[in-house]
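Below, chains carry the letters A, B, ... as their sequence lines are ordered, and counting in each starts from 1. These figures come from a predicted structure and were not determined experimentally.
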Amino acid sequence: MNHKIAFQNVSCIYELNGSSFTAVHDVSLDIADNEFITVVGPSGCGKSTLMNMAAGLLEPSDGRVAVDGKTLTGPGPDRGVIFQQYALFPWLTVRKNVEFGLKVKKLPKDERDRRVNDVLELVGLTKFADAWPKTLSGGMKQRCAIARAYAADPSVLLMDEPFGALDALTRVKMQEQLLDTWTKDKRTVMFITHDVEEAVYLANRVIVMAANPGRIQEIITVDLPYPRTEEIRLSREFADLRNQVWNAVYHHDSKENAS
Amino acid sequence: MNHKIAFQNVSCIYELNGSSFTAVHDVSLDIADNEFITVVGPSGCGKSTLMNMAAGLLEPSDGRVAVDGKTLTGPGPDRGVIFQQYALFPWLTVRKNVEFGLKVKKLPKDERDRRVNDVLELVGLTKFADAWPKTLSGGMKQRCAIARAYAADPSVLLMDEPFGALDALTRVKMQEQLLDTWTKDKRTVMFITHDVEEAVYLANRVIVMAANPGRIQEIITVDLPYPRTEEIRLSREFADLRNQVWNAVYHHDSKENAS
Amino acid sequence: SCGGDSSSGNSSKKSIKATVGYIADGNGTSTVAVADKLKLWDKHGIDVTIKEFTDGPTQIQALGTGDLQFAYTGPGALWLPMQGKAKIAAIVSLGEADRIIGQKGITSIKDLKGKTVGVPEGTSGDMLLSLALKNAGLSDDDIKKVTMDPPTVISAFQSGKIDGAAIWYPHVATIKKHTPGTVEIAKSADFPDLNFLSTYMTGTDMADENPELLKRFDALAKEANTWKRKNSDKMVSVLKKKLDAPETALREEHKYINVLPTDEIVQKTKDGTIDTWLKTLNKQFKAMGKVQDIADPKDYYLGDEYVKA
Amino acid sequence: MTATIAPTDESSAKTRRPRSNKFSTISVVSVFVGLGLWWLASILNPTTLSSPLDVAKRLVELAGDGTLFTNIAASLGRVFAGFAIGTVLAIIVGFGMGWYLGVRAAIQPWIQFFRVIPPLAIIPLAIVLMGIGETPKIFVITLASFLVSVIATYQGVISVDKTLINAGRVLGTNDLTIFLKIVVPASVPFILVGMRQGLGAAWATLVAAELIAAQDGLGHMMQKAQTYYDLDTIFVGLIVIGILGLLMDRILLWAEKRLTQWQERR
Amino acid sequence: MTATIAPTDESSAKTRRPRSNKFSTISVVSVFVGLGLWWLASILNPTTLSSPLDVAKRLVELAGDGTLFTNIAASLGRVFAGFAIGTVLAIIVGFGMGWYLGVRAAIQPWIQFFRVIPPLAIIPLAIVLMGIGETPKIFVITLASFLVSVIATYQGVISVDKTLINAGRVLGTNDLTIFLKIVVPASVPFILVGMRQGLGAAWATLVAAELIAAQDGLGHMMQKAQTYYDLDTIFVGLIVIGILGLLMDRILLWAEKRLTQWQERR
Ligand SMILES: Nc1ncnc2c1ncn2[C@@H]1O[C@H](COP(=O)(O)OP(=O)(O)OP(=O)(O)O)[C@@H](O)[C@H]1O
Ligand SMILES: Nc1ncnc2c1ncn2[C@@H]1O[C@H](COP(=O)(O)OP(=O)(O)OP(=O)(O)O)[C@@H](O)[C@H]1O
Ligand SMILES: [Mg+2]
Ligand SMILES: [Mg+2]
């Protein structure tokens, strides 16, 4: 198995008015091709920062990030990104937002329409295809952002708390859908979440991060078969793994807070 | 028990370029003084719209909203609001953001400082008191917004998915804290969430909304004692209520989707 | 004799406040420069404030609002009193600086036919051009007359964008320096009928409302005029001191300013010569479309007061 | 402590037609009050101010013999050409400055320098370089509108929300497309401010531009009238320029409304 | 498909000192190239363009006898007074227009009207109303900078994110405080654009303003030089105005950097 994304001793230091803040410190991580990685950790531990470096939007202050063995120099359409803050283009309707990446790829009109309709159907926004983002509710905005990333059909998906603002049912639906396409197309997925259950349910491996400075605390391999079913979710193994991740995130955290 | 907030046959119709969209249709709801109400429902069902009307930011197209028996004409500091999209002032540091409402209230400097430090401690942002919002992670922004609403110490709290971007531990901490102050000061709380468990855990009553048009589907009274403990969360009654709410939200929803 | 008369009479009186405008070129500054130098303001009992302007019409405007009592203007603005906007208080000089020039190869006005000629609209240069064309049997339509302001005329001529220009010294000297071969094809002296008068103007009601001030100012103007006439050689240095302008340009300008002896002005006022000059100018203004009617110089030239002062 | 509910935009929950009517009424009243004041002032200062009536008479005269329309056509052509070129250049240069530090470094000092230079001072140079035809006139107008709106565009470019640019970049967009499809629409509010100001500058420079050997145009008409102290004609010129400017501004406002309906505002 | 990583702002993960050095270098080179071009052009057009050397000589002369500094002081005073008053008025009126529909309705047509009127045309009116002292000069400059920056301020006010205003309103803020504490800071980027443009307009109007019976000032110095076609002095005036404008603009830029460090930008 070759490495799709490789972080090699990566650090990220934000410089701001003289003072500097180490958001990510000396992280090394190899993500295999077709792997589904989830990242959990307390708020502010550097999850988004790590993902932005994989996206090519942020240059590491130290170390290097490689995709397919080549050091990253910038973002590319091979890596689809869903941002924590939607980042919809407010001047485009839902449909145009989703179509954006396809136009960049210069797909023909009918192909574009087909794909846009498919993903809008998927996220349940068909009825709102021609609405401006400002008229959408919070959850609808997030679904629109998801649709935009899906539409471009990238080989790597970088998702920053994508299901955070969704209600439970939509969320489960989106999880199924994501796993479904992932098993079919075998993309590489890096998925940030603050929901430990979600992290375990989706992942091959769960990366647990710790804060101050942001670093990898533990990597927990989830040895459960795909497709993941409701049965698996209710299994002993699942519960054990969930507790293991939970302890890795919070036991450590509370220890640190106490010290 | 007198009514703190009263929705009387409230409708909200968004007009946009000629066409109109009924976001909330004929909703009547009385929220008692000191009551803790949670609102759940599928994405886009009008939860935020309903809350904005209670905040006085949106005028109902029909019907009226009254607070303490007086028809609402606008927002006021008696009702603290936490928006779904943080709405931090980007030009103010964390501390200044939190202090904003206190300055409006013309509190003396030392009183302000004390309160700001208290709430920053509460949300765990003490170390970031002097950071700009742009340097905060998503979860930290949300905590800052919560701190700002808490600091002003309003008698009504209107919270739109306030804990949505928080990791599990912080979330539980914030829930405890919210219930804690609520039992002490007996504020009135209207709390929107997409997490059914959270809705039941916190509320006196759970308002279940349905979409197209946005309306109240069912009101479920949660007859569990306060303070709510881990024990209660694991009880049969709790599980039953959770299922009841879940069914109200999603059973109805799937029926509708099928039709 | 008049000067001595009024000065001895005035020195005992309380001085009168007045604001006097001038234009910062050699001719426009001469009167105030001399009055300053000889301390004539005190002598004639005028508590003066001197204000510098860049053109005539703005000063006429200020006369109208009462912010200004006396305004120096060149010949281009003489139609304003003819329209009743102001009155002429004193004659300053006769200008002879206007020229019509052509690029190398153009030798007469007739050669300008069909050519592009630049001219600052409504100036003495403009008047000279109309007259010269008429004299040569041409009309305004026979040339391509383009109006532009003086610096533009200079650049346009130098860069060959226009074939001819109606402009005055010292600008003509500037052009000649940079464009060798420039020819003067007409000058103001070619038209003795036309007298480009520079004057001091005053408000329309000055003679009625404040005759004493008018009298004092006229007396001062006379005395300054006499000194200028007598000390023509010193004028350039006096002006240079006041203006801080390039000496060569002042000298160049000075050559074409004809300061009439005070006695002659008085004489020509009395015998109506100046009235005739003004009437001729008036006709010219009418021909150019600046004014509709021929006004009686008696209505706007306060010659009697000047004579008496 | 109860404030009235804030006025909201078209997507408001309440229809706003009544407000729009009131808006026009106030505007019309305001214009009439202004005219009244003018009329009063003209009675007090007959030498400096023409009365509205005289101006109207003169307007009819000038319109009657057609000269007004010739002049309007000439000026409109110049303003429009200069404004269009200036705006397009401003958007391109403003983008370059916002996007590429090198371009910003090279151009910034010159723009700042020339912005404070009065257009009148440029005229002799324009004549030497471009003659006395239409080119230098349009050039001066172009320059004026360019210099005003380039700053706005530049500011628009550097104010574009970084996450939106990132969102475009991760979709594989190249610099040009990011510019056209993200930076331009996102900075439309700034660019439109720039355009409206550029339009003002273009008209205000018209008079100076028509100092350059113009045979027609409203500025030329006014300059000629000025040497003859023909107040009525000057006022006709001012008013026609004012109204034309106002109309063009309205068109821009309308365009803005269409182009920024996606914007959430009060 | 690999683009370079976009330049980021001060909060970037990489320090940017080297870039800043390169920036200055390019600016300096650009200025020297410009001077070189000017020098070349002045050789080709000696009548219209003074050579840099002659201008430098004249500058030293004028500086030597102190007249230059008197003129600079006079002009700076006027520009500064006019700009300051104009800006403050623009912010107040711009707010009023953005906030209260009635104010917008009443003022909008007049602003649009006067914005296209050349400042030269205002002068006669200013003289009638305010005489020939300092007042009308400062008035003309005030008007120019006001009219330019009021549009920017207004646009800034209506572009303020609605949720931020709502966030203020629910904290019990009254209209005045919302204006001062939310609308003003949120529209600072727009207001600063307006101020920079207003400053340009103020300087560009200076020459016109000093047509009104000025005894000193750079515009006056240039006009006087014009009657003698003293090109060297005119160019000294232009360059001094340009440099002063540039310096004041730098101050504004510096203020902007301080005031908008909260802003996320590229
Ligand atoms: N532009 C910036 N300048 C300075 N510090 C920053 C900046 N962006 C992020 N940080 C800091 O870096 C740390 C990590 O931020 P990051 O956004 O990666 O956290 P996160 O793990 O995604 O948190 P969350 O779950 O709350 O989104 C935080 O402490 C934050 O304050
Ligand atoms: N400004 C607006 N103009 C037009 N329609 C709007 C506007 N704001 C909201 N809507 C519509 O009103 C409906 C209800 O929106 P609302 O934001 O209240 O939903 P919500 O229940 O809060 O959803 P979520 O849980 O996703 O936040 C949505 O269908 C939305 O598209
Ligand atoms: Mg994050
Ligand atoms: Mg919502």
Side-chain angles (χ1 to χ4, degrees), chain A residues 48 51-58 67 72-94 96-107 130-136 141 144-160, chain D residues 6-16 91 95 99-101 153 156-157 159-195 252 254-266:
Chain A
S48 299
M51 202 196 77
N52 278 333
M53 289 191 287
L57 292 169
L58 205 59
V67 169
L72 220 54
T73 53
D78 54 320
R79 279 154 289 141
V81 181
I82 296 169
F83 294 92
Q84 197 167 1
Q85 285 158 40
Y86 323 146
L88 297 179
F89 302 122
W91 56 89
L92 297 179
T93 59
V94 168
K96 292 275 159 86
N97 259 289
V98 175
E99 206 181 353
F100 191 93
L102 307 179
K103 276 197 177 158
V104 168
K105 281 190 167 177
K106 299 204 165 52
L107 291 189
D130 298 314
W132 300 113
K134 70 169 173 180
T135 70
L136 297 183
K141 279 183 194 154
C144 180
I146 293 169
R148 186 174 63 184
Y150 281 8
D153 197 26
S155 69
V156 174
L157 266 176
L158 303 170
M159 309 173 85
D160 197 350
Chain D
T8 42
D9 64 335
E10 313 89 282
S11 77
S12 149
K14 281 211 139 181
T15 172
R16 67 182 294 191
I91 292 178
F95 163 66
W99 204 250
Y100 301 105
L101 276 174
T153 310
V157 169
S159 301
V160 174
D161 188 352
K162 216 164 122 190
T163 33
L164 293 182
I165 293 176
N166 283 345
R169 280 152 55 72
V170 298
L171 288 167
T173 320
N174 58 23
D175 271 15
L176 181 67
T177 315
I178 289 205
F179 168 56
L180 291 176
K181 301 289 181 183
I182 299 176
V183 175
V184 169
S187 43
V188 154
F190 279 89
I191 292 177
L192 280 163
V193 175
M195 284 179 72
L252 279 182
W254 172 85
E256 178 180 357
K257 218 176 143 181
R258 301 236 42 186
L259 288 172
T260 62
Q261 51 175 313
W262 49 268
Q263 224 184 1
E264 203 149 7
R265 26 173 193 155
R266 28 167 306 115

Indicate the atoms forming the closest heavy-atom contact of [X] with [Y], along with that distance.
X: D:R169; Y: A:G56; result: NH2-O, 4.2 Å
X: A:P77; Y: D:G172; result: CD-CA, 3.5 Å
X: D:G168; Y: A:F89; result: N-CZ, 3.9 Å
X: D:A167; Y: A:A87; result: CB-O, 3.8 Å

Review point. Given that the side chain runs from C-beta out, which part of A:L102 has a heavy atom under 4.5 Å from chain D: side chain, backbone, both or neither?
Key: neither
Practice item. Check each atom of A:A152 against the heavy atoms of chain D and say whether the ones under 4.5 Å are side chain, backbone, both or neither. Key: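 Side chain only.
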Check your understanding: So D:L171 and A:K105, side-chain contact (heavy atoms from CB on, under 4.5 Å) or not? Walk me through it.
Key -> CA-CA 9 Å; D:L171 288 167; A:K105 281 190 167 177; over 6 Å; no
Study note, to complete from the structure: If you tally heavy-atom pairs under 4.5 Å between each of D:V170, D:V188, D:T177 and chain A, the highest tally belongs to D:V170
Exercise for review: Kindly check if the number of other-residue, nucleotide or ligand heavy atoms within 6.0 Å of NZ (A:K96) is above 12?
Suggested key: no
Check your understanding: Considering only heavy atoms from C-beta outward, does the side chain of D:I182 approach that of A:F100 to under 4.5 Å?
Key -> yes
Check your understanding: Do D:L164 and A:P90 come within less than 4.5 Å of each other through their side chains, counting heavy atoms only?
Key ->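 In contact.
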